[in-house]
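Read the numbers this way: they start at 1 and go in the same order the structure lists the ligands and their atoms.
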Amino acid sequence: MRILSGIQPSGVPHIGNYFGMMLPAIELQEQGEAYLFIADYHSLTTSPDPELLRQRVMDVALDFMACGLDPVKTVFFRQSDVPQVTELTWMLSCQTTVGLLERAHSYKDKLAKGFVPNNALFSYPVLMAADILIYQSNLVPVGKDQKQHLEMTRDIAMRFNRIYGDVFAIPEVQIKENVAVVPGIDGQKMSKSYANTIPISDGKKAIRKKIMSIVTDCKELEEPKEPEGCNVIKLYKLFATETQMNDIYAKYRGGNYGYGHAKQELFELLWEYFAPFREKREALAANLDYVNQVLADGGAKAREQAELTMGKVRRAVGLR
Ligand code: ADP
Ligand code: TRP
C-alpha cells in the first residue's frame with residue numbers, strides 16, 4: 001500500500017497540522033510505503049518572498065522529521081524536486097472541467113476573503129491530484145479541509161482512466177474524525193493563513209502567550225462553566241488522558257476555577273508533550289547537511305516513481 005500526503009510551507013507547522021496530518025501520516029509509516037512531501041509549488045500560489053519560502057521549507061522539514069518521520073521508512077521530498085508533477089497537471093487539466101474547479105470550497109473561501117485569484121489558485125486541485133496520482137497512491141491521510149480536494153482527485157482519476165485505460169490507482173482518503181478540525185486560538189479552524197496558530201516549534205514564552213489568548217466567554221472565576229464547546233477544552237482534549245478530561249470537566253462545572261487556570265493546565269500538558277520533539281529538532285537543526293541529504297535522496301526516489309507513471313501517461317494520451 002502506498003501512503004501519500006503533503007503540507008504547504010506557507011508558515012510554520014502548528015498543532016492542527018500535527019494532529020490532523022503529520023501524526024496520522026507518521027503512524028501509517030509502519031503499514032506501507034509512505035511518500036511525504038513539502039508542497040512548495042502549491043505555496044507559490046500566494047507568492048511568498050523567495051528567501052522566506054526557502055526558510056519555511058527547512059522549518060517544515062525539521063518539524064516533520066523531529067515529529068517522527070523516519071527517512072529510512074518514508075520517502076521525504078520537496079514537491080519541486082519532481083517537476084514531472086507539473087507535466088501531469090497539464091494532462092489532467094485537459095480532463096478537468098471548469099465547473100468542477102469552480103465548486104472548490106477552498107477557492108470560494110479565498111475569493112470571499114478578497115483574494116484576487118490567479119490561474120494557479122484556481123487550478124490548485126489539479127496540481128494536488130497530480131501529486132497523488134503520479135505516485136499511484138492508495139491512501140491519503142489529511143485533515144477535513146482537504147476532503148473535497150480528495151473527491152476531486154478521485155473524479156479526475158476515474159475520468160482519465162475511463163478515457164485512456166487503467167493508468168492510475170484510485171486513492172482513498174483517511175480523515176481522523178476526532179482531530180479532523182483542530183480549532184485555532186480564535187475558535188476558527190487553526191490555519192497558517194489565519195494567524196491563529198500554536199506552532200509546535202515556538203518557544204515557551206510564545207506558546208504560553210498564545211494559549212493565554214485563546215478566546216473564551218467572559219464568565220467570572222467563581223461561576224460554574226460549561227466545558228462542552230469551550231476552545232480551551234477542545235485543545236486540552238488533544239493531550240489529556242480520560243482521567244484528566246474527567247477532572248477538568250468537574251473543575252469547570254464546580255465553579256471557582258477560571259479560564260486562566262485551565263489555560264495554564266493546557267500549556268503544561270502541551271509543553272511536556274512536545275519535549276522529545278524539541279530535543280530532536282535541535283539536534284537536526286545542528287545538522288542541516290543531513291536534512292538536505294534526506295530531501296535530495298527522497299527527491300531522487302520520488303522522481304523515479306513519477307517517471308514510471310509518466311511513461312504510462314505519455315503513451316496513453318498519444319504523446320509517444
Ligand atoms: P494550513 O491550513 O495551516 O495552511 P495546510 O493547508 O498546509 O495547513 O495543511 C496541511 C495538512 O494539515 C492538511 O492535511 C490539512 O488538512 C491539515 N490541517 C491543517 N489545519 C488543520 C486543522 N486545524 N485541523 C486538522 N487538520 C489540519
Ligand atoms: N493542499 C494540501 C493542503 O493545503 C497540501 C497538499 C498538496 C496535499 N498536495 C497534496 C495533501 C497531496 C495531500 C496530498 O493541506
Side-chain angles (χ1 to χ4, degrees), residues 2-26 28 34-46 48 53 56-57 59-60 63-64 67 75 77-80 82 85-86 88-89 92 104-107 109-110 113 120-121 123-154 156-157 169 171-200 231 234-235 237-238 302 306:
R2 183 157 294 162
I3 297 133
L4 172 131
S5 197
I7 176 169
Q8 293 195 60
S10 50
V12 282
H14 50 74
I15 62 172
N17 298 137
Y18 176 78
F19 285 104
M21 189 283 268
M22 295 162 80
L23 184 60
I26 286 167
L28 283 169
Y35 276 55
L36 299 176
F37 68 95
I38 306 173
D40 49 1
Y41 279 143
H42 271 104
S43 58
L44 288 181
T45 54
T46 48
L53 179 60
R56 284 173 169 174
V57 167
D59 280 333
V60 173
D63 280 6
F64 224 146
C67 285
V75 180
F77 61 103
R78 285 183 204 91
Q79 184 183 30
S80 61
V82 189
V85 81
T86 61
L88 181 58
T89 301
L92 299 179
H105 304 311
S106 63
Y107 178 68
D109 288 351
K110 289 259 166 49
K113 290 208 162 74
L121 190 69
S123 56
Y124 180 114
V126 193
L127 176 56
M128 183 158 161
D131 286 328
I132 297 169
L133 301 177
I134 206 164
Y135 305 110
Q136 305 288 350
S137 313
N138 307 109
L139 189 65
V140 184
V142 283
K144 201 168 186 172
D145 58 326
Q146 297 301 315
K147 186 167 181 241
Q148 192 193 26
H149 287 153
L150 260 295
E151 284 160 5
M152 293 165 100
T153 298
R154 288 168 57 90
I156 294 169
E172 300 287 336
V173 64
Q174 177 192 283
I175 297 172
K176 296 238 170 182
E177 277 311 319
N178 56 335
V179 289
V181 188
V182 173
I185 57 176
D186 59 357
Q188 287 191 77
K189 177 196 111 98
M190 187 176 287
S191 171
K192 296 186 219 97
S193 12
Y194 301 159
N196 65 355
T197 67
I198 304 177
I200 56 180
N231 291 322
K234 284 186 196 160
L235 292 170
K237 203 172 180 178
L238 298 169

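Under a 4.0 angstrom heavy-atom cut-off, Met22 registers as lying outside contact with ligand 1.
The nearest heavy-atom contact from the protein to atom 14 (O) of ligand 1 is Gly143 N, 3.2 Å. In terms of protein heavy-atom proximity, atom 4 (O) of ligand 2 is closest to Tyr124 OH, 3.0 Å. At the top of the distance list for atom 3 (C) of ligand 2, counting protein heavy atoms only, stands Gln146 NE2, 3.2 Å. Distance from atom 2 (O) of ligand 1 to its nearest protein heavy atom, with residue and atom name: Ser191 OG, 2.9 Å.
Scanning Gly6, Pro171, Ser5 for the heavy atom closest to atom 6 (C) of ligand 2 points to Gly6. The residue among Met128, His149, Lys192 with a heavy atom at the shortest distance from atom 8 (C) of ligand 2 is Met128.
Listed by number with element, the atoms of ligand 1 under 4.0 Å from a non-hydrogen atom of Val179 are 25 (C). Those atoms of ligand 1 with a heavy atom of Met190 less than 4.0 angstrom away are 20 (N), 21 (C), 22 (C), 23 (N). Atom numbering of ligand 1 starts at 1 in the shown order; those under 4.0 Å from a heavy atom of Val142 are 14 (O). Heavy-atom proximity to Ile7, at under 4.0 Å, picks out these atoms of ligand 1: 7 (O), 10 (C).
Neither the backbone nor the side chain of Ala39 comes within 4.0 Å of ligand 1, counting heavy atoms alone. Neither the backbone nor the side chain of Leu127 comes within contact range of ligand 2; no heavy atom lies under 4.0 Å. With a heavy-atom cut-off of 4.0 Å, Asp145 does not touch ligand 2 at all.
Counting only heavy atoms from C-beta outward, the side chains of Asn196 and Met190 approach each other to under 4.5 Å.
Using the six-membered ring where Trp is involved, Tyr135 and Tyr35 have ring planes that are tilted, between 30° and 60° apart. Ring geometry, Tyr124 versus His149: the interplanar angle falls from 30° to 60°, so the pair is classed tilted.
Proximity of a side-chain donor or acceptor of Gln148 to a complementary backbone N or O of His105 within less than 3.5 Å is detected. Looking at Lys192, its side chain does come within 3.5 Å of a backbone N or O of Gln8 through a donor-acceptor pair. A donor-acceptor contact shorter than 3.5 Å links the side chain of Asn138 to the backbone of Arg2. Looking only at distances, a side-chain donor or acceptor of Asp40 sits under 3.5 Å from a matching main-chain atom of Ser80.
The number of heavy atoms from other shown groups lying within 6.0 Å of NZ (Lys189) is above 12.
Close N/O approach between Gly6 and ligand 1 is not found [any backbone or side-chain N/O within under 3.5 Å]. Between Asn17 and ligand 1, an N or O atom pair is found at a separation short of 3.5 Å. Checking only distances, Lys192 does come within under 3.5 Å of ligand 1, N or O to N or O. In terms of N/O distances under 3.5 Å, ligand 1 is approached by Val182.
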